[in-house]
Amino acid sequence: AQARATLVALVSRRPAERTSAHPKLPLPLLAAMLAAPSALGALGRRLRAKQPGLAAVRCVSQVLAEPMAWNQAPVVITTLPNGVRVATKETFSEVSSVGVFLNAGVRDETPDTAGAAHLIEQLSLTGTAKRPKAKLEAEVESMGATLCMKAGREQTAYTMSVLKSDVKQGVDILADLVLAPGLGNLAKEKEGILRKLDETEVPTRQVIDDRLHACAFRDGPLGFSAVGPFEGIGNLTEAHLKSYVDANYTAENMVIAASGPMKHAELVSLASASFGSVKAGTPKWTEKPYFCGAELIYRNDEMGPTAYIAVGWEAVPWKSPDAVTFMVMQAIIGSYKKNTGLVPGTISGNRVINAVANKMQVGCADEFEAFSYFYKDTGMFGFYIACDEVAVEHAIGELMFGCNLLSFSVTDEEVERAKRELKSALFSAPTSAEASCAEMGKQVLAYGRGIPPAEMMLRIEAVDAEEVKRVAYKYLNDAEISTTALGPLHGMPQYYDLRRATGMHRY
């Protein structure tokens with residue numbers, strides 16, 4: 001009762017008042033609030049009913065999730081005069097991980113520069129004017145460091161893990177790679193890069209995911225391929241790559257992040273020296289991608305007995321108040337792989353897994369996985385299936401029905417199980433300095449700040465069955481879907497039937 005009264009009093013205050021009031025909260029009271037998670041969801045519904053514009057539970061999360069209250073290192077952020085953000089999370093290990101994270105990726109390409117992000121990724125470790133490839137490799141190896149670069153659909157990351165005494169040298173190497181990339185090596189490396197692109201076998205899961213984006217967001221750059229093949233990549237020149245870098249590797253798109261035994265002021269000083277001269281870019285207006293309800297089918301009856309299918313709905317962006325609910329919904333559907341795991345799917349407490357594993361007494365899918373992708377201004381929620389060619393219709397039907405149930409028939413038990421699994425997945429991930437740095441950089445780019453684990457726990461706990469049904473009915477019920485499939489698809493339902501399956505039939 002005391003916890004509930006305090007929650008009501010806190011969410012009724014202005015944000016500034018809530019912040020100033022938080023340090024006075026006694027720790028036993030905070031523990032009591034976490035010990036009664038179901039009360040948070042019920043309280044949120046009551047307050048939303050009285051004040052529709054108030055996201056009460058989220059306000060509570062912001063009040064209670066101060067990292068220092070839970071003995072956690074906070075993410076400290078400083079913005080340099082030119083707009084570059086510097087973020088640190090101090091730990092007590094012997095290894096520091098430093099990274100440069102860029103709000104740039106495949107989405108920032110144009111039809112003329114499609115494939116530029118992939119080429120820059122391949123050229124990133126071929127050396128720079130200051131550090132030729134042999135010198136770069138020798139310098140990194142002499143430090144005992146690891147260095148990698150990854151270009152994604154919306155973000156690009158350069159990360160380096162070094163001993164705490166080598167942070168200054170690590171920042172200097174990263175600055176050299178980011179601010180003076182080896183674009184001049186394109187002429188001599190291009191043939192090898194294109195040959196590697198042709199010869200490398202991309203996992204089917206990534207191919208299906210790439211084609212689903214191409215189908216759902218086909219009218220914009222978010223639908224450009226991230227794994228290849230890239231149309232016209234052979235015609236890209238150094239000038240094309242330079243135009244991409246100049247347009248996107250700008251101050252406001254950069255985050256310098258570090259996790260390890262270093263002081264924030266130290267990294268700010270190093271970043272100011274190395275990245276203080278980076279120029280700001282011109283403001284860019286981006287239009288929200290149009291989600292296209294369509295299908296992209298590649299039927300090939302000769303490629304083996306397994307069919308691969310993915311179905312996606314339009315979801316929400318990173319900063320949406322419903323994003324955490326989508327994460328819980330993903331955990332409710334879950335993932336399954338035949339004959340693996342501690343608990344057999346045939347006796348699983350997950351309704352979807354149980355139905356798939358017991359269909360026709362033998363199961364109708366070899367594996368499936370629910371997914372939820374968030375972007376700056378949109379998102380995608382859906383599922384991926386790998387199943388036998390004779391079970392395509394059954395597998396899709398069970399997964400579509402499971403997604404339908406999110407709008408109408410979700411129990412508190414299912415939601416609590418999903419929340420436990422989601423928290424386990426989020427907080428049982430690798431805790432190395434490199435993983436911590438990567439997560440911090442991603443969060444600062446997406447949210448503009450680091451999300452403390454305590455806050456995420458509280459946001460997850462605030463989701464209940466009624467909230468899941470509200471969000472699922474709003475975004476998934478009778479909504480447009482995009483689907484793609486590959487393999488022997490003679491049992492694939494027509495798109496018209498799939499679209500009808502997004503709504504619950506009533507007789």
Side-chain angles (χ1 to χ4, degrees), residues 99-102 104-142 145-160 172-214 218 220-250 253 296 298 300 303 486:
V100 180
F101 299 88
L102 296 153
V106 173
R107 183 176 181 175
D108 297 284
E109 296 173 347
T110 66
D112 292 332
T113 61
H118 178 78
L119 282 180
I120 292 172
E121 178 182 8
Q122 297 300 313
L123 291 172
S124 61
L125 303 182
T126 60
T128 65
K130 181 179 177 181
R131 290 180 173 88
K133 184 176 182 179
K135 182 179 179 181
L136 175 64
E137 292 176 349
E139 189 172 353
V140 172
E141 289 178 4
S142 67
T146 60
L147 174 64
C148 66
M149 185 271 191
K150 181 172 179 58
R153 201 166 287 278
E154 253 191 0
Q155 298 179 358
T156 297
Y158 295 76
T159 56
M160 191 171 187
D172 184 62
I173 292 175
L174 289 175
D176 191 26
L177 295 177
V178 173
L179 303 182
L183 305 182
N185 300 326
L186 178 63
K188 64 179 181 180
E189 300 285 347
K190 190 174 185 178
E191 182 179 350
I193 293 173
L194 296 181
R195 184 171 61 253
K196 179 181 177 182
L197 185 63
D198 290 335
E199 296 175 354
T200 301
E201 186 172 347
V202 180
T204 307
R205 176 72 177 86
Q206 294 183 23
V207 173
I208 292 294
D209 181 77
D210 199 62
R211 291 178 176 177
L212 184 62
H213 279 79
R218 63 181 183 179
L222 191 58
F224 288 175
S225 177
V227 300
F230 304 96
E231 185 177 354
I233 191 173
N235 299 324
L236 292 182
T237 64
E238 182 180 344
H240 288 108
L241 302 188
K242 188 175 187 308
S243 68
Y244 176 87
V245 169
D246 292 343
N248 299 292
Y249 285 35
T250 54
N253 286 342
L296 186 60
Y298 292 80
N300 183 352
M303 67 174 287
L486 171 67

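Computed from a prediction, not measured in an experiment: that's the story for all the values here.
The CZ atom of Arg153 lies 11.0 Å from the CZ atom of Phe224; values are rounded to the nearest 0.5 Å. Here the NZ atom belonging to Lys242 is positioned 11.5 Å from the CD1 atom belonging to Ile120, to the nearest 0.5 angstrom. Taken from CG in Leu147 to CD in Glu141, the straight-line distance is 11.0 Å, to the nearest 0.5 Å. Taking CG of Asn253 as the reference point, atom CG of Asp108 lies at 7.5 Å (rounded to 0.5 Å). One distance of note links CG of Leu102 with CD of Gln155; it measures 9.5 Å at 0.5 Å rounding. Note that NZ of Lys130 is 4.0 Å distant from CG of Asp172, once rounded to the nearest 0.5 Å.
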- Leu197 and Ile233: CA distance, side-chain angles, deciding distance, side chain to side chain contact (heavy atoms under 4.5 Å, CB included) verdict: CA-CA 11 Å; Leu197 185 63; Ile233 191 173; 4.3 Å; yes

- Derivation of the side chain to side chain contact (heavy atoms under 4.5 Å, CB included) call for Leu123 and Leu241: CA-CA 11 Å; Leu123 291 172; Leu241 302 188; 3.7 Å; yes

- Decide side chain to side chain contact (heavy atoms under 4.5 Å, CB included) for Asp176 and Leu136; before the verdict, give the C-alpha distance in whole Å, the side-chain angles of both, and the deciding distance to 0.1 Å. CA-CA 10 Å; Asp176 191 26; Leu136 175 64; over 6 Å; no

- Message: Show, in sequence, the C-alpha distance, side-chain angles and deciding distance for Thr110 and Tyr244, and conclude whether the side chain to side chain contact (heavy atoms under 4.5 Å, CB included) test is met.
- Response: CA-CA 9 Å; Thr110 66; Tyr244 176 87; over 6 Å; no

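The side-chain contact (heavy atoms from CB on, under 4.5 Å) test applied to Ser243 returns Thr113, not counting sequence neighbours. For Glu139, the salt bridge (Lys or Arg N to Asp or Glu O under 4.0 Å) partners two or more places apart in sequence, or in a different chain, are Arg131. Considering only residues two or more places apart in sequence or on other chains, Arg211 meets the side-chain hydrogen bond (donor to acceptor under 3.5 Å, both in side chains) condition with none of them.
Shortest non-hydrogen contact noted between Met149 and Ser124 is CB-OG, 3.5 Å. The nearest pair of heavy atoms linking Ala129 to Pro132 is O-CD, 4.4 Å. Heavy atoms only, all atoms of each residue included: Leu222 and Arg107 are closest at CD1-CD, 3.9 Å. Shortest non-hydrogen contact noted between Lys190 and Gly234 is NZ-O, 2.5 Å. When all heavy atoms of Ala104 and Thr156 are compared, the pair lying nearest together is O-OG1, 2.6 Å. Across all their heavy atoms, Thr250 and Ala247 have their closest contact at CG2-O, 3.9 Å.
You'll find the side chain of Tyr249 stays beyond 4.5 Å of the side chain of Leu179, heavy atoms only. Put simply, the side chain of Leu119 does not reach to within 4.5 Å of the side chain of Leu183, judged on heavy atoms. With a 4.5 Å cut-off on side-chain heavy atoms, Leu212 and Leu296 do not count as touching. Using a 4.5 Å heavy-atom cutoff, the side chains of Val202 and Asp210 are not in contact. The shortest side-chain heavy-atom distance between His240 and Asn235 does not fall under the 4.5 Å cut-off. In this structure, the side chains of Thr204 and Met303 stay at 4.5 Å or more apart for every pair of heavy atoms.
The closest donor-acceptor contact from the side chain of Lys150 to the backbone of Thr159 lies at 3.5 Å or more, if one exists at all. Between the side chain of Asn248 and the backbone N or O of Val245, no donor-acceptor pair lies under 3.5 Å. A side-chain donor-acceptor contact under 3.5 Å links Glu109 to the backbone of Ala117.
Within a 6.0 Å radius of CD in Glu137, other residues, nucleotides and ligands contribute more than 12 heavy atoms.
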